Chemist: 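Structure provided below as structure tokens; questions to follow.
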2 protein chains.
Amino acid sequence: MAQRRAVALSRAQIIGTAVELLDTDGESGLTFRALTERLATGPGAIYWHVANKGELLDAATGAVVADALAAERAAGSPRDEVRAVALGLFDAIEKHPWLAPQLSAQLSRGPSGPVTPKIFESIGRHVRDLGVPKGSWFTATSALVHYVLGAAGQNAANARVVTSGKDRSEFLDAVSAAWAGLDAEEYPFMREVAAEVRDHDDREQFLAGVDLILTGIGAVHSLP
Amino acid sequence: MAQRRAVALSRAQIIGTAVELLDTDGESGLTFRALTERLATGPGAIYWHVANKGELLDAATGAVVADALAAERAAGSPRDEVRAVALGLFDAIEKHPWLAPQLSAQLSRGPSGPVTPKIFESIGRHVRDLGVPKGSWFTATSALVHYVLGAAGQNAANARVVTSGKDRSEFLDAVSAAWAGLDAEEYPFMREVAAEVRDHDDREQFLAGVDLILTGIGAVHSLP
DNA sequence: ACCTGAACACCGTTCAAGT
DNA sequence: ACCTGAACACCGTTCAAGT
């Protein structure tokens with residue numbers, strides 16, 4: 001029979017290879033065939049360490065998110081802390097574009113997985129320090145988390161289309177033109193906003209959204 | 001050779017059946033096998049009307065979203081309009097839970113599809129009427145759209161677990177207990193917020209988030 | 001123009017057999 | 001305890017052939 005592997009396979013190694021495949025080839029690039037090839041093994045070996053593909057995807061997601069949230073920083077004001085965590089997730093999602101759909105899928109599977117609490121905690125602990133009534137902590141954190149993941153996911157998709165600066169302005173021109181060309185009756189707003197999209201800075205625009213929600217949170221005790 | 005179908009197949013019929021399958025069996029329930037069986041035909045017939053599975057999913061998403069946004073209502077204040085659109089999407093996503101990941105995937109594929117403009121327009125046109133500077137229209141609309149889709153998706157996932165009222169409070173108790181049982185060092189926020197989750201109204205909490213962002217939008221011209 | 005249905009390549013997963 | 005690799009059931013898609 002064939003020789004066994006010289007060094008033992010590990011779960012961490014499998015997860016690391018999975019992240020590599022996802023990064024280079026996207027979600028559809030993660031297959032057990034590709035995995036066995038890179039790891040020079042058979043499917044049975046992987047199934048010894050990992051229950052199934054879903055668990056592997058969850059583990060890859062968890063590893064990348066933990067990494068993104070682990071960055072140590074000098075402590076700042078609660079607002080600055082929220083901004084820093086948001087940017088950390090923004091960058092992680094830009095670097096690993098498969099993360100966005102994966103995270104929203106995991107959020108949409110209830111709080112069973114370990115990723116949902118981790119993300120809510122990373123933002124919520126600073127919302128708590130914002131000095132708003134406890135009754136609005138959860139709502140405020142939800143608004144921030146969903147905006148951050150959604151906007152970062154959309155940005156990552158755009159970022160993937162373009163790499164060079166020339167590509168980028170061409171791409172934005174195309175988007176702007178597409179919006180400006182929509183039906184005037186049905187899409188008045190999109191047409192009016194088309195010009196804006198042409199020359200905006202992604203991170204700046206993203207942070208403006210975070211600030212908008214933070215402002216709403218600050219004013220929440222005086223809600224109508 | 002076998003008889004041909006008596007009545008011609010149509011693209012709309014295929015999309016309608018796809019929505020049915022997605023509703024009853026979830027995303028993994030939509031297969032060409034199941035489709036051919038329900039439509040009493042072969043795969044080739046479907047491929048005549050539809051380019052591939054991705055296009056079919058997009059079309060199903062588009063049909064359901066168009067339906068959700070088409071509801072006519074008495075015109076109200078811009079804030080009320082935003083709330084109404086948000087609730088319309090909330091309900092649609094609760095009714096069709098496969099919609100949430102599908103929508104975020106479509107948002108994350110750039111503004112190529114027809115669904116992204118449709119959703120942004122439905123909310124943005126009322127943001128425009130809110131009386132805030134044009135420069136913040138797009139940011140404000142983004143914040144609302146991403147919150148609405150994210151929070152609605154998470155709600156739909158929870159709603160699927162429970163149906164009866166008894167199930168519901170059991171489920172919330174379990175979630176609350178899980179959060180309260182998290183590590184005290186790592187998850188102080190989640191533990192503090194655990195009790196809150198036990199008896200909240202989903203739609204009310206969802207709308208509170210929308211109001212929070214609306215409040216932020218109203219105060220945006222005085223951002224620091 | 002529209003449909004049939006066999007066939008193909010690929011996928012996740014299992015499992016008896018090995019060390 | 002950990003790994004091998006053949007095998008299975010299922011999937012999206014193609015295409016020559018029919019009407």
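Since the structure is predicted, the reported quantities are computational estimates derived from the model, not experimental observations. Throughout, a chain's letter reflects where its sequence line sits, starting with A, and its residues are numbered from 1.
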Chemist: Could you let me know what dC15(D) is paired to, Watson-Crick or G-U wobble, both distances under 3.5 Å, or none if it's on its own?
Modeler: dG5(C)
Chemist: Atom NE2 of H49(B) to atom C1' of dC3(C): distance rounded to whole Å?
Modeler: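 So the two atoms are 8 Å apart, to the nearest Å.
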Chemist: From CZ of F32(A) over to C1' of dT14(C), roughly how many Å is that when rounded to an integer?
Modeler: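 So the CZ-C1' distance, F32(A) to dT14(C), works out to 12 Å.
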Chemist: Would you mind reading off the distance between R11(B) atom CZ and dC3(C) atom P, rounded to a whole angstrom?
Modeler: 14 Å
Chemist: Are F90(B) and F206(B) close enough that their ring centres sit under 6.0 Å apart?
Modeler: yes
Chemist: Hey, which of T17(A), L22(A), V19(A) is the one that makes side chain to side chain contact (heavy atoms under 4.5 Å, CB included) with L30(A)?
Modeler: L22(A)
Chemist: Here's a test of your reading of the structure: between S28(A) and A51(A), which maps to the more 5' nucleotide of DNA chain C?
Modeler: S28(A)
Chemist: Of V148(B), V210(B), V82(B), L207(B), which is the lone residue that meets side chain to side chain contact (heavy atoms under 4.5 Å, CB included) with L87(B)?
Modeler: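 The single option meeting the side chain to side chain contact (heavy atoms under 4.5 Å, CB included) with L87(B) is L207(B).
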Chemist: L39(A) has an atom CG; how far is it from atom C1' of dC3(D), in whole Å?
Modeler: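 Rounding to the nearest Å, CG of L39(A) and C1' of dC3(D) are 13 Å apart.
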Chemist: Whole-Å distance between dT4(D) P and E37(A) CD?
Modeler: 14 Å
Chemist: Between E55(A) and R11(A), is the closest basic N to carboxylate O distance under 4.0 Å?
Modeler: yes
Chemist: Could you check whether L30(A) gets within reach of a base, just the sugar-phosphate, or nothing at all, counting any heavy atom under 4.0 Å?
Modeler: sugar-phosphate
Chemist: Could you tell me how far apart K53(A) (NZ) and dC11(D) (C1') are, to the nearest whole angstrom?
Modeler: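 Rounded to the whole Å, the gap is 12 Å.
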Chemist: When the distance from OH of Y47(B) to P of dG12(D) is rounded to whole Å, what number comes out?
Modeler: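 Answer to the nearest Å: 7 Å.
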Chemist: Mapping W48(A) and R33(A) to their closest nucleotides on DNA chain D, which lands nearer the 5' end?
Modeler: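 Upstream on the strand: W48(A).
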Chemist: What is the distance, rounded to the nearest whole Å, between atom CD1 of I46(A) and atom P of dC3(D)?
Modeler: 10 Å
